[in-house]
Protein chains: 2
Amino acid sequence: MSSAPPGFELPLRLLLAFRSLIDELHAELGRQGHPDIRPMHGFVMQAIGPQGTTAVDLGHTLGVTKQAAGKTIETLERIGYVERTRDPEDTRRKIVRLTPYGMDALARSAQIFDDLRARWSATLGEDRLQALESDLRKVTPADLWRLDAPGWFGTM
Amino acid sequence: MSSAPPGFELPLRLLLAFRSLIDELHAELGRQGHPDIRPMHGFVMQAIGPQGTTAVDLGHTLGVTKQAAGKTIETLERIGYVERTRDPEDTRRKIVRLTPYGMDALARSAQIFDDLRARWSATLGEDRLQALESDLRKVTPADLWRLDAPGWFGTM
DNA sequence: CTAGATAGTGAACCAGGTTGTCTATCATGT
DNA sequence: ACATGATAGACAACCTGGTTCACTATCTAG
């Protein structure tokens with residue numbers, strides 16, 4: 001039986017790999033006119049999506065409380081990535097929508113992630129990369145968004 | 001050319017995979033007498049190692065300020081995982097060492113990580129898992145510890 | 001023996017999470 | 001028609017784990 005590395009290397013490599021993608025994303029986003037965006041903003045905007053959402057829904061999607069979602073929305077609003085409007089159908093609700101600036105960030109993120117994936121593909125070979133993705137799918141939950149990403153590392 | 005998934009799936013899967021390992025580690029650690037330990041504590045204790053360190057060194061290893069390292073050490077001391085003694089060679093320095101309780105947590109973590117890796121190996125096949133690890137090594141920095149793990153997601 | 005570097009600490013601040021509480025609005029059953 | 005309960009959002013107080021700035025104590029070198 002060939003020697004397996006110590007088990008603790010695996011999680012570290014996964015985190016490091018994640019980090020390196022995110023770091024490169026944000027370095028590139030900074031160069032492309034989005035210097036103030038931070039990792040969780042990208043995830044949150046991805047979760048908001050083009051059609052908008054509400055604080056409660058967003059909290060539900062991300063697995064955080066509505067208050068936390070509300071704070072994050074406030075921040076994103078302050079830096080110009082989203083805007084809130086009252087829902088005329090239900091005046092309790094406020095619809096959170098990406099601004100054109102936010103849409104731009106989201107589109108650029110998608111492009112940059114594709115480019116980064118292409119770089120990995122060039123390094124590892126597309127077949128190996130697809131195998132890696134396929135393997136990761138086998139060991140992770142189906143729902144991509146329930147990652148409780150914002151702050152989970154600090155609080156759990 | 002066969003269809004590649006959108007690039008943003010990859011980082012999410014990496015994070016999710018990391019999370020799931022860490023969550024299972026801590027669920028198991030909780031069952032084995034370490035209910036208060038939290039994700040970053042494991043990393044920090046791993047970084048402290050059996051021979052001990054100092055706040056400045058630890059901060060350097062983890063990529064955070066010495067003050068942040070000091071706070072974390074304080075927390076670990078409070079819950080009994082490390083202890084600090086003055087260095088007789090240089091009375092400015094305080095050597096941080098794992099207590100037997102801390103050693104126990106570290107040993108159990110290592111065992112649990114090995115078990116979790118074995119589970120992945122059973123799910124994916126040992127060859128695929130080794131391929132995955134090898135691929136991750138190709139796209140991550142060599143130094144396993146420079147992950148700025150504690151809180152990095154919140155602050156960057 | 002003084003000047004500069006280094007170890008640790010404290011204070012003030014920030015981000016992002018939590019729980020608990022409150023108001024406004026919607027929806028429903030009598 | 002209206003009281004009751006559920007829901008959306010906001011506010012406050014608090015926790016963690018980061019940051020910077022400032023300070024003391026100690027070591028090291030010229």
Side-chain angles (χ1 to χ4, degrees), chain A residues 19 26 36-45 47-48 52-79 81-97 146-156, chain B residues 19 26 36-45 47-48 52-79 81-97 146-156:
Chain A
R19 274 219 57 164
H26 285 85
D36 292 337
I37 207 169
R38 308 211 291 108
M40 50 154 305
H41 297 157
F43 286 102
V44 172
M45 290 197 292
I48 290 172
T53 185
T54 66
V56 166
D57 269 15
L58 182 60
H60 192 248
T61 304
L62 296 174
V64 300
T65 59
K66 59 181 181 174
Q67 292 92 331
K71 277 195 197 180
T72 304
I73 290 168
E74 213 170 325
T75 306
L76 283 172
E77 196 175 32
R78 190 166 34 75
I79 59 178
Y81 284 94
V82 304
E83 58 193 1
R84 275 181 290 192
T85 55
R86 281 271 174 216
D87 182 348
E89 313 265 292
D90 180 344
T91 61
R92 291 171 306 178
R93 308 174 79 218
K94 285 189 180 174
I95 312 286
V96 182
R97 279 200 197 78
R146 298 310 308 270
L147 32 74
D148 308 2
W152 78 267
F153 198 83
T155 10
M156 71 170 290
Chain B
R19 273 218 58 163
H26 285 85
D36 293 337
I37 208 170
R38 308 211 293 105
M40 50 155 303
H41 297 155
F43 286 101
V44 172
M45 290 198 291
I48 291 171
T53 184
T54 67
V56 166
D57 269 14
L58 182 59
H60 192 249
T61 303
L62 296 175
V64 299
T65 58
K66 59 181 182 172
Q67 292 92 330
K71 278 194 196 180
T72 304
I73 290 167
E74 213 170 323
T75 306
L76 283 172
E77 195 175 32
R78 191 166 32 77
I79 60 178
Y81 284 94
V82 305
E83 60 193 359
R84 275 181 290 191
T85 54
R86 280 271 174 218
D87 182 347
E89 313 267 290
D90 179 346
T91 61
R92 291 171 308 178
R93 308 175 78 219
K94 287 187 178 175
I95 311 287
V96 181
R97 279 200 197 77
R146 298 309 308 268
L147 32 74
D148 307 1
W152 77 268
F153 197 83
T155 10
M156 72 170 288

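Chain letters run A, B, ... following the sequence lines, proteins first and then strands; every chain starts at 1.
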K.L.:
In whole angstrom, give the distance that lies between atom NE2 of His60(B) and atom C1' of dG8(C).
P.N.:
17 Å

K.L.:
NA contact type, Arg84(A), heavy-atom cut-off 4.0 Å: base, sugar-phosphate, or nothing?
P.N.:
sugar-phosphate

K.L.:
In whole angstroms, how far is the C1' atom of dG9(D) from the CZ atom of Arg86(A)?
P.N.:
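Nearest whole value for this atom pair: 7 Å.
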
K.L.:
Testing Thr85(B), Asp57(B), Val82(B), Thr53(B) for side chain to side chain contact (heavy atoms under 4.5 Å, CB included) with Ile95(B), which one passes?
P.N.:
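It is Thr85(B); the other options fail the test.
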
K.L.:
Tell me: CG of Asp87(B) to P of dC27(D), nearest whole Å?
P.N.:
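Roughly 9 Å, once rounded to whole Å.
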
K.L.:
Using a cut-off of 4.0 Å on non-hydrogen atoms, how would the nucleic acid contact of Thr65(A) be classed: base, sugar-phosphate, or nothing?
P.N.:
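Base contact - Thr65(A) has a heavy atom under 4.0 Å of at least one base atom.
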
K.L.:
Across the strands shown, which category fits Lys94(A) at heavy-atom distances under 4.0 angstrom: base, sugar-phosphate, nothing?
P.N.:
sugar-phosphate

K.L.:
Rounded to whole angstrom units, what separation is found between the CD1 atom of Ile73(A) and the P atom of dA15(C)?
P.N.:
17 Å

K.L.:
In whole angstrom, give the distance that lies between atom NZ of Lys66(A) and atom P of dT18(C).
P.N.:
13 Å

K.L.:
State whether the side chain of Thr72(B) and the backbone N or O of Ala68(B) hold a donor-acceptor pair below 3.5 Å, judged by distance alone.
P.N.:
yes

K.L.:
With the side chain counted from C-beta on, respond yes when Val96(B) and Thr54(B) share a heavy-atom pair under 4.5 Å apart, and no when they do not.
P.N.:
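With C-beta onward as the side chain, the pair stays apart.
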
K.L.:
Which one, dG16(C), dT26(D), dA6(D), comes nearest to the side chain of Asp90(B)?
P.N.:
dT26(D)

K.L.:
Is the distance from OP1 or OP2 of dC27(D) to the nearest side-chain N or O of Arg93(B) less than 4.0 Å?
P.N.:
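No.
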
K.L.:
Quick check on DNA chain D: between Glu89(B) and Thr54(A), whose nearest nucleotide comes earlier from the 5' end?
P.N.:
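Going by which nucleotide is closer to the 5' end, it is Thr54(A).
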
K.L.:
So does Thr91(A) get a side-chain nitrogen or oxygen closer than 4.0 Å to the phosphate oxygens (OP1/OP2) of dC26(C)?
P.N.:
yes

K.L.:
Tell me what Ala68(B) touches on the nucleic acid: a base, only sugar-phosphate, or nothing, going by heavy atoms under 4.0 Å.
P.N.:
base

K.L.:
For the side chain of Arg97(A) and the backbone of Gly52(A), is there at least one donor-acceptor N/O pair under 3.5 Å apart?
P.N.:
no

K.L.:
If you assign each of Pro88(A) and Lys71(A) to its closest nucleotide in DNA chain C, which residue comes earlier from the 5' end?
P.N.:
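Comparing both residues, the 5'-ward one is Lys71(A).
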
K.L.:
How many whole angstroms separate atom CD of Glu74(B) from atom C1' of dA11(C)?
P.N.:
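Checked: the CD to C1' distance equals 13 Å.
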
K.L.:
Hey, are the side chains of Ile79(B) and His41(B) touching, using non-hydrogen atoms and a 4.5 Å cut-off?
P.N.:
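Side chain of Ile79(B) against side chain of His41(B), heavy atoms only: contact under 4.5 Å found.
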
K.L.:
With the side chain of Gln67(B) defined as its heavy atoms from C-beta on, choose the nearest nucleotide among dG10(C), dG8(C), dT21(C).
P.N.:
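Closest of the options to the side chain of Gln67(B): dG10(C).
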
K.L.:
Between P on dT28(D) and CZ on Arg92(B), what's the gap in Å once rounded to a whole number?
P.N.:
6 Å

K.L.:
Could you check which of dA13(D), dG9(D), dA25(D) has an atom nearest any side-chain atom of Val56(A)?
P.N.:
dG9(D)

K.L.:
Distance check needed: dA7(C) P versus Asp57(B) CG, whole Å only.
P.N.:
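Nearest whole value for this atom pair: 7 Å.
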
